[in-house]
Amino acid sequence: MTSFLNHWGLTLATFIPLVGVAVMLVIPGREESVHKLLALVTTLAVAVVGVLLLTHFNYDHSAVLQYQIDKPWIPFINSRYHMGLDGISLPMMALTMLVVPLCVVYSWNHFPEPHNPKAFLILLLILETGMVGSFLAQDLILFFVFFEVVLLPMYFMIGVWGGEQRQYASIKFFLFTLFGSALMIVSFLALYFLSDPVSIHGGPPMHTFDMTLLPLAARNISIGAQVLIFGGMFMGFGIKVPIFPFHTWLPDAHTQAPTVGSVILAAVLLKLGTYGFIRIALPILPHAAEKWAPWIGLLAVIGIIYGALCCLAQTDMKRLIAFSSVAHMGFVMLAISTLTTFGLNAAIFGMVAHGLITGMLFFVAGSAKERYHTLEIKRLGGMLQTMPRMGWILGFAAMASLGLPGLAGFWGEFPAILSAYQPNLTNVTLFRVFMVVAAIGTVLAAGYLLWLYQRTAFGVPPDEFAHDSHLHDVTVPEWIAWLPMLVGIVVLGFYPNLIFKVTDPAVTRTVVSAAVRTGG
C-alpha cells in the first residue's frame with residue numbers, strides 16, 4: 001500500500017474529482033439523484049485516499065516531503081509535475097477533503113435556483129481539484145495552474161446561483177483575484193530568470209520553478225529585487241486572504257454566494273493566500289519577508305479592528321460573518337508577519353480553526369435564509385424557541401468564533417497574539433503594539449458575535465414568523481454535514497497538539513533555513 005501511495009496517492013487525491021466530472025458530463029441533467037450520488041461517491045473516494053495518506057504518513061518526519069512525485073511536465077521551461085505532502089500542507093489537504101463532501105451532503109435538499117444540480121456539483125468537484133492541487137504542488141507553475149483553476153468555478157457559482165447582486169459580486173471577485181494573480185505570475189517569472197541555474201536529477205544546470213530548489217537558487221538575487229518580487233506575491237496572496245485594504249470583494253462575494261459557495265470560500269479558498277505566504281514567499285525570499293513584515297503586521301491589525309467595527313455596523317447576518325472573516329484572517333496574517341516558528345504554527349492552526357468555525361456559521365446562515373427567506377438581523381429572533389437545535393448550534397459556533405477557551409477558535413487567536421510579543425525581527429516594540437491592538441480586536445469580536453446571537457436566537461419570534469410552518473429544526477442532511485465540523489471544533493479546542501505536532505517540524509525547518517540565509 002505504501003508503494004502504491006508513493007506513486008499514485010497525491011495524483012489520485014487531486015484528480016479523482018475530474019474523473020467524477022467526466023462521468024457526470026455524459027449523464028443527462030434530469031438524472032438528479034444519479035448526479036448527487038456520483039458527486040458524493042467521488043468526494044468520499046477522495047476522502048478515502050486522504051485517510052490512507054494520513055494513515056501512512058510518517059509523522060516523525062513531517063518536515064520532509066512525502067509521497068513525492070517529480071516528473072517532467074513542460075521541459076521547455078523546466079517546469080515539472082512535482083507534488084509532495086509535509087506537515088504544512090497536510091492540515092490544509094485534510095480540511096479540504098473534509099469540507100467538500102459535507103457540502104455535497106448539505107446540498108442534497110438545498111440546491112439554489114436556478115435548479116441545476118448537475119452543473120452545480122460539477123463546479124464543486126472542479127473546485128476540489130484546484131484546492132487540493134494547490135496545497136500539494138511543489139512547482140510554481142503547477143501551483144499557479146491549480147490556484148487559477150478555482151477562479152472560474154467560484155465565479156460561476158456566485159454569478160449563476162447567487163443573490164440579487166450576484167453579477168456585480170462575481171465580477172468583482174473575478175477581477176480582484178485575476179489582478180492579484182497577474183502580479184503573482186510576474187513575480188514567479190522574475191524568480192525563474194533571476195535565480196541561479198540548478199541541476200535536477202543530474203541534468204545540465206537550468207533555471208527552475210521548483211519550490212524545493214528555489215530557496216537556494218534565489219539566494220544571490222539582490223535585496224531590492226527580492227523586495228519587488230515579494231511585493232508581487234504579496235498582492236497575489238494578499239488579495240486572496242484577503243488582507244486590508246484589498247478585502248472589499250469578500251463581503252459582496254460571501255453575501256451573494258449560495259450557501260455552499262460561502263462555505264467553500266471561507267473554509268478553504270481564503271487559505272490559499274495565507275498558505276502561499278508560508279509555502280512560497282517566506283522560504284524563498286526571507287530577506288524581503290523581513291522588509292515587508294512590519295507592513296504586513298500593520299495591515300493585519302488594521303484588518304482586525306476594521307473588520308470588527310464593520311461587523312458591528314451590519315444589518316445582514318451573512319455580511320456580518322463575512323466581515324468577521326476579514327478580522328479573523330487578520331490574526332493569521334499577524335502571526336505570519338512575526339516570521340517565528342511559534343507564529344507560523346499559530347497561523348496554520350488559525351487557518352484550520354477559521355475554516356471549521358466560519359464554514360459552520362455560513363452553513364447555519366444558509367439554513368436560516370432558507371427558512372426565514374431573509375437574513376436581515378432585525379427581522380430574526382426567537383430561534384431558540386422555534387428551532388432550538390439550530391439556535392444552540394449557532395450559539396456554539398459563535399462562541400467558538402469569539403475565541404472561547406476549550407474550542408478551536410481560542411487556539412486560532414491566542415497564539416497569534418502571543419507570537420507578536422517576540423517576533424523574529426528588530427521591530428519588537430512595534431509588534432508589541434500590534435499585539436495590544438489585536439487583543440482589543442478579540443473584545444470587539446465578542447461584542448458583535450454576542451450581539452448577533454442575542455438578536456437572532458433570544459426573545460420571541462417576530463409576528464411574521466410566529467406561525468410559519470417553514471421554521472422546522474435541523475434536518476438529517478444538515479446534521480450529517482454539520483456534526484463532523486462541530487466535533488472537529490471541540491477536538492481541536494481540547495487537543496490543539498493534534499495539529500501543532502504535525503506542523504511544528506516542517507515550520508521549524510522553514511524558519512531555521514530562512515534564518516540561516518539571512519544571518520539571523
Query raised in the report: Quick check: are there more than 12 heavy atoms from other residues, nucleotides or ligands sitting under 6.0 Å from CD of Glu164?
Result: no
Query - CZ/Phe179: more than 12 non-hydrogen atoms of other groups inside 6.0 Å - result: no
Solution key, residues 124-134 side-chain donor-acceptor pairs under 3.5 Å, sequence neighbours excluded:
residue: Thr129; atom: OG1; partner: Thr14; partner atom: O; Å: 2.9
residue: Ser134; atom: OG; partner: Gly130; partner atom: O; Å: 2.7
residue: Ser134; atom: OG; partner: Phe147; partner atom: N; Å: 3.3

Report summary line: For Ala481 and Val105, the nearest pair of non-hydrogen atoms, with its separation, is N-CG1, 4.2 Å
Query - Non-hydrogen side-chain atoms of Leu265 and Leu250 separated by less than 4.5 Å - result: yes
Requested in this report: Please report the closest heavy-atom contact between Leu384 and Trp392, naming both atoms and the distance.
Outcome: CD2-N, 3.7 Å
Query - Polar contact flag, side-chain donor to acceptor under 3.5 angstrom, Thr255-Asp252 - result: no
Query raised in the report: Any side-chain heavy atom of Trp249 within less than 4.5 Å of one from Leu175?
Result: no
Report summary line: When every non-hydrogen atom of Phe349 is compared with those of Gly412, the smallest separation belongs to CD2-N, 3.9 Å
Query raised in the report: For Arg166, what residues pass the salt bridge (charged side-chain N to carboxylate O under 4.0 Å, His left out) criterion, not counting sequence neighbours?
Result: none
Query raised in the report: Roughly how far, to the nearest 0.5 Å, is NZ of Lys118 from CG of Leu25?
Result: 6.0 Å
Report task. Could you tell me whether Glu31 atom CD has more than 12 heavy atoms of other residues or ligands within 6.0 Å of it? Result -> yes
Query raised in the report: With side chains defined as the heavy atoms from C-beta onward, is the minimum distance between Leu299 and Pro245 less than 4.5 Å?
Result: yes
Query raised in the report: Does Ile417 reach the side chain of Thr442, with side-chain heavy atoms less than 4.5 Å apart?
Result: yes
**Report entry** Nearest atoms (heavy-atom pairs only) where His35 meets Leu121
**Finding:** O-CD1, 3.6 Å
Query raised in the report: Is it true that the side chains of Lys369 and Thr259 contain a donor and an acceptor less than 3.5 Å apart?
Result: no
**Report entry** With sequence neighbours excluded, residues passing side chain to side chain contact (heavy atoms under 4.5 Å, CB included) with Thr340
**Finding:** Thr338, Phe342, Ser419, Asn424
Query raised in the report: Are Tyr372 and Met383 close enough that some pair of their side-chain heavy atoms sits under 4.5 Å apart?
Result: yes
Query raised in the report: So do the side chains of Arg279 and Asp86 get within less than 4.5 Å of each other, counting heavy atoms only?
Result: yes
Query - Inter-residue atom distance Leu270.CG - His254.NE2, 0.5 Å rounding - result: 5.0 Å
Query raised in the report: Is there side-chain contact between Gln314 and Phe323, with at least one heavy-atom pair below 4.5 Å?
Result: yes
